[in-house]
Amino acid sequence: MSYSWPVKPFDKQHAVRGFFCDPRIADGEKSFHFGVDVSAPDGTAVYAVEPGTVYLSGAQNMAVLGARGHSYWHVVPAVRAGQWVARHALIGHIATGWGHVHFAERAGGQYWNPLRGAALTPFADYGAPVVDRIVAERGGLPLDPAALTGVVNLLAVAHDNPPISAPPPWDGLPVTPALVRWRLARGAAEVVPWTTVADFRSTLIAQSRFSTVYAAGTRQNHPNAPGLYRFWLARNWDTRRHQDGSYRLAVEAADIRGNVGRGHLDLLLVNGSV
Ligand SMILES: [Zn+2]
């Protein structure tokens with residue numbers, strides 16, 4: 001069952017400046033973003049997307065618990081704890097300095113991606129994510145992909161662009177793709193089948209897995225400062241398990257609506273010549 005936007009107009013798509021599972025890195029803490037950041041000016045009225053009972057958590061965080069739970073962060077409540085609210089009831093206003101409501105959906109003990117099909121509606125995504133770069137490295141140092149030997153790490157830098165840009169200073173900043181996968185081929189022969197390394201399309205990934213999905217050097221967005229999303233494709237990948245020769249490493253990054261961006265890196269394995 002789908003639900004509307006938490007700000008007016010309910011039936012029109014709004015700018016989302018933070019996607020589900022975007023990296024959040026602050027004070028040494030690293031986490032997957034557990035909701036979406038709906039951009040709107042400070043003071044904007046926020047409404048319940050579904051009916052339920054109000055739960056207050058701190059001065060600016062609240063949830064409405066019904067069949068599912070929806071939480072609304074950086075919102076000054078206009079309702080009382082325990083109060084029952086109808087769908088589209090006013091529940092609060094965006095707190096000063098935040099410029100967005102962090103909106104999350106929880107059901108069955110898990111956080112869910114609100115942008116998946118049949119959830120937050122309407123939401124269209126235009127344009128495919130971008131695979132910016134594919135890198136072979138060892139110990140953090142880039143390697144020449146045309147002369148690979150021994151054990152290496154494979155990474156991809158990828159991003160998506162929100163379908164509607166938020167206003168400055170959050171305009172033009174990237175968001176994470178919803179899906180990243182790779183495969184290795186030698187000519188027409190598939191050597192490593194499509195392998196998914198990040199899948200943010202449904203439920204939140206365990207926070208303990210953060211550093212197995214996002215590689216060092218990953219940054220989150222800050223005002224006027226774009227984030228960088230570095231995905232591990234393979235760690236400690238032993239090139240000696242494959243014959244020397246030419247291979248093509250293909251990477252796909254997809255958004256929540258299935259638009260796919262592609263990139264590739266040609267590898268030459270040369271273990272026999274060292
Ligand atoms: Zn947020």
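Residue indices begin at 1 and follow the sequence shown.
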When you measure from the side chain of [X] to the backbone N and O of [Y], does any donor-acceptor pair fall under 3.5 Å?
X      : Y      : value
Asp244 : Gly272 : yes
Asn236 : Val152 : no
Trp112 : Ala107 : yes
Thr44  : Asp42  : no
Asp171 : Ser165 : no
Asp199 : Arg201 : yes
Gln83  : Arg80  : yes
His14  : Pro9   : yes
Asp22  : Thr176 : yes
Trp5   : Tyr47  : no

Within this structure, what is the [atom1]-[atom2] distance for the pair [X] and [Y], rounded to the nearest 0.5 Å?
X      : Y      : atom1 : atom2 : result
Leu204 : Tyr111 : CG    : OH    : 8.5 Å
Leu269 : Arg241 : CG    : CZ    : 12.0 Å
Leu233 : Leu249 : CG    : CG    : 6.0 Å
Leu228 : His159 : CG    : NE2   : 10.0 Å
Ser202 : Asn113 : OG    : CG    : 8.0 Å
Leu155 : Trp182 : CG    : CH2   : 11.5 Å

So, do [X] and [Y] sit near enough that their side-chain heavy atoms are less than 4.5 Å apart?
X      : Y      : value
Trp232 : Asn153 : yes
Leu184 : Leu267 : yes
Leu154 : Ile134 : no
Ile25  : Lys30  : yes
Arg262 : Val260 : yes
Ser71  : Asn61  : no
His264 : Arg248 : yes
Ile164 : Val16  : no

Over 60° means perpendicular and under 30° means parallel, so tell me whether [X] and [Y] are parallel, tilted or perpendicular.
X      : Y      : answer
Phe123 : Phe19  : perpendicular
Tyr214 : Phe210 : tilted
Tyr247 : His242 : perpendicular
His102 : Trp73  : perpendicular

Is it true that atom [atom1] of [X] has more than 12 heavy atoms of other residues, nucleotides or ligands lying nearer than 6.0 Å?
X      : atom1 : result
Trp237 : CH2   : yes
Glu137 : CD    : yes
Tyr55  : OH    : no

Requested in this report: For the pair Glu252 and Arg181, find out whether any cationic side-chain nitrogen is under 4.0 Å from an anionic carboxylate oxygen.
Outcome: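 So Glu252 pairs with Arg181 through a salt bridge.
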Requested in this report: Flag the pair Asp255 and Arg257 as a salt bridge only when some basic side-chain nitrogen lies within less than 4.0 angstrom of an acidic carboxylate oxygen.
Outcome: no
Is [Y] reachable from [X] through a run of hydrophobic residues whose side-chain heavy atoms are each under 4.5 Å from the next?
X     : Y     : answer
Val79 : Val76 : no
Val75 : Trp98 : yes
Val85 : Val46 : yes

Query - No-hydrogen, no-angle side-chain donor-acceptor test under 3.5 Å, Thr239 and Asn271 - result: yes
Query raised in the report: Do the side-chain N and O atoms of His88 and Ser4 include a donor-acceptor pair separated by under 3.5 angstrom?
Result: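 Side chains of His88 and Ser4: pair found under 3.5 Å.
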Closest non-hydrogen atom pair, [X] against [Y]:
X      : Y      : result
Tyr126 : Pro163 : CD1-CB, 3.5 Å
Ala136 : Leu148 : CB-CD2, 4.0 Å
Pro162 : Leu173 : CD-O, 3.4 Å
Ala59  : Pro77  : O-CD, 3.2 Å
Trp194 : Ala250 : CZ3-O, 3.8 Å
Pro226 : Pro174 : CB-CD, 3.7 Å

Query raised in the report: Run the side chain to side chain contact (heavy atoms under 4.5 Å, CB included) check on Asp125 and Asn259 step by step: do they pass?
Result: CA-CA 8 Å; Asp125 204 343; Asn259 300 302; 4.2 Å; yes
Report summary line: Hits for salt bridge (charged side-chain N to carboxylate O under 4.0 Å, His left out) against Asp37, two or more places apart or cross-chain, chain-then-number order -> Arg24
Query raised in the report: Yes or no on salt bridge (charged side-chain N to carboxylate O under 4.0 Å, His left out) for Arg116 and Glu105, after CA distance, side-chain angles and deciding distance?
Result: CA-CA 11 Å; Arg116 72 191 189 281; Glu105 177 188 340; 3.0 Å; yes
Query - Test side chain to side chain contact (heavy atoms under 4.5 Å, CB included) applied to Tyr72 and Val49, step by step - result: CA-CA 10 Å; Tyr72 308 79; Val49 301; 3.5 Å; yes
Report task. List for me each residue that meets ring pair (Phe, Tyr, Trp, His ring centres under 6.0 Å) alongside His70, sequence neighbours excluded, and say none if there are none. Result -> Tyr3, Phe103
Requested in this report: Could you go through the side chain to side chain contact (heavy atoms under 4.5 Å, CB included) check for Val213 and Arg209 one step at a time?
Outcome: CA-CA 7 Å; Val213 174; Arg209 286 194 52 212; 3.9 Å; yes
**Report entry** Verdict with supporting geometry, Ile94 and His100, side chain to side chain contact (heavy atoms under 4.5 Å, CB included)
**Finding:** CA-CA 7 Å; Ile94 293 180; His100 74 278; 5.7 Å; no
